[in-house]
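Remarks on the structure that follows.
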Amino acid sequence: MDVIFGNLDLWGGAIANTLLVFFVGGLIALVLGIIVGAMRVSPVPIARGVGTAYVNIIRNTPLTLVFFFFVFGYPQLGLPDLSNTVLGILAIGIYTATYVAEVLRAGINTVPVGQAEAARAIGLPFGQVMTLIVLPQAFRSVVPPMMSVFIALLKNTTVAAGFSIAELAALRATINDAPGRPGNPMEVLLWVAVVFVVLVLAMSAVQRHLENKWRIAR
C-alpha cells in the first residue's frame with residue numbers, strides 16, 4: 001500500500017485530472033453530439049450533409065491522431081495559447097461527440113414518425129419538435145448504449161497520458177521519475193486498473209438507476 005499512501009498527492013492530482021477530462025470532455029461530447037444528431041435527421045439537406053461529414057471524418061480518424069492535431073497542430077495555427085489539458089479535453093470531447101450523435105440518431109429513429117408529423121401539423125418548428133417531442137423519448141431508449149459511449153470516454157482518457165496530461169495513465173511514469181517515491185511500475189499500473197474498474201462500476205450503477213427510473217416513467 002506504500003505505492004498509494006506514499007504518493008497520495010500524486011494520486012489525488014491524477015484522479016482529479018482524469019475526472020476533469022472525463023466530465024468536461026463528456027459535457028462537450030453531449031452538447032455537440034445532440035446538435036450533430038439533430039443535424040443528421042434535419043429536413044435541411046445542408047445540415048444533414050454537414051452532420052454526416054463531421055461524423056464520418058472524425059469517427060473514422062484514430063483518437064490518437066485527433067490528439068496529435070490538437071496538441072501539436074493547434075499551436076501552429078497562431079490561435080490563443082491553451083494548455084495541453086484544455087486541448088486534450090477538446091480533442092476527446094469532439095471525438096466522442098460523433099458516437100453520441102450516432103447513438104442519439106438511432107434513438108430518434110425509434111420515435112414513431114407520426115408524433116413528429118403531428119407536432120409539425122400544429123405548427124411547431126423543427127427545433128421545438130426535437131426538444132419537446134422527439135429528444136425526450138429518444139434519450140429514454142438509448143440509456144444503455146449512451147452509457148457505453150461514456151464508459152469508453154472514461155477509458156479513452158488514458159490516451160491523454162501520451163500528450164503530457166497528468167492523469168491516471170501517466171502516474172506510472174510520474175512516480176517512476178520522482179526520486180524517493182515508493183512503488184514499482186507494475187504495482188502502480190495494477191492500482192490504476194483498480195481505480196478505473198471502480199469508476200466504471202459506479203457508472204454502471206448510474207445506468208441501472210436511469211433505466212429503472214425512466215422505465216417507470218413510461
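As a basis for the values below, the full set of heavy atoms in this structure was taken, side chains included, without hydrogen atoms, waters or symmetry mates.
- Residues T96 and A29 come closest through the heavy atom pair CB-CB, 3.8 Å.
- You'll find the side chain of V66 stays beyond 4.5 Å of the side chain of I94, heavy atoms only.
- The distance from atom OH of Y74 to atom CG of D81, rounded to the nearest 0.5 Å, is 7.5 Å.
- Note on L201: it does not cluster hydrophobically with F22, by side-chain heavy-atom contacts below 4.5 Å among ILVMFWY residues.
- I58 and L77 fall within the same hydrophobic cluster, defined by Ile, Leu, Val, Met, Phe, Trp and Tyr side-chain heavy atoms under 4.5 Å apart, directly or through other members.
- At least one side-chain heavy atom of L199 sits under 4.5 Å from a side-chain heavy atom of L19.
- A 6.0 Å sphere centred on CG of N60 holds more than 12 heavy atoms belonging to other residues, nucleotides or ligands.
- Between F69 atom CZ and L87 atom CG the span is 10.0 Å, to the nearest 0.5 Å.
- Across all their heavy atoms, A47 and S42 have their closest contact at CB-OG, 3.7 Å.
- Proximity of W11 to V195: side-chain heavy atoms (C-beta onward) are separated by under 4.5 Å at one or more points.
- Taking every heavy atom of both residues into account, A101 and V55 meet most closely at CB-CG2, 4.4 Å.
- To the nearest 0.5 Å, atom CD1 of residue I28 and atom CG of residue L30 are 11.0 Å apart.
- Shortest non-hydrogen contact noted between G25 and I92 is CA-CG2, 4.2 Å.
- There is no path of hydrophobic side-chain contacts, each under 4.5 Å, that joins V31 to I34.
- Atom CG of residue L82 and atom CG of residue L90 lie 7.0 Å apart, to the nearest 0.5 angstrom.
- Using a 4.5 Å heavy-atom threshold, the side chains of M39 and R48 count as separate.
- Other residues, nucleotides and ligands place more than 12 heavy atoms under 6.0 Å from the CG atom of L79.
- Shown here for Y54 and A97, the closest heavy-atom pair between the two residues is OH-CB, 3.7 Å.
- Side-chain contact between F68 and P62: absent, with no pair of heavy atoms (C-beta onward) separated by less than 4.5 Å.
- Salt bridge R208/E211: absent, no basic N to carboxylate O contact under 4.0 Å.
- The CD1 atom of I89 sits 4.0 Å away from the CG atom of L20 when rounded to the nearest 0.5 Å.
- Hydrophobic clustering (ILVMFWY, side-chain heavy atoms < 4.5 Å, transitive): V142 and I35 are in distinct clusters.
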Start with the C-alpha distance between I151 and S204, add both sets of side-chain angles, then the distance that settles side-chain contact (heavy atoms from CB on, under 4.5 Å), and finish with yes or no. CA-CA 9 Å; I151 287 173; S204 298; 4.2 Å; yes
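- Between the CZ atom in R59 and the OH atom in Y99 there is a gap of 6.5 Å [rounded to 0.5 Å].
- Listed for the T98 side chain is a donor-acceptor partner under 3.5 Å among the backbone atoms of Y95.
- For the pair T52 and R40, the tightest heavy-atom approach, listed with the atom from each and the gap, is OG1-NH1, 2.7 Å.
- Taking 4.5 Å as the limit, some side-chain heavy atom of P144 sits within range of a side-chain heavy atom of Q207.
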Under the side-chain contact (heavy atoms from CB on, under 4.5 Å) criterion, do F150 and V100 qualify, and how do the steps go? CA-CA 9 Å; F150 283 104; V100 172; 4.2 Å; yes
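- Judged by distance alone, with hydrogens and angles left aside, the side-chain atoms of T157 form a donor-acceptor pair with the main-chain N or O of L154 at under 3.5 Å.
- Under the 4.5 Å side-chain contact rule for hydrophobic residues, V44 and L104 do not share a cluster.
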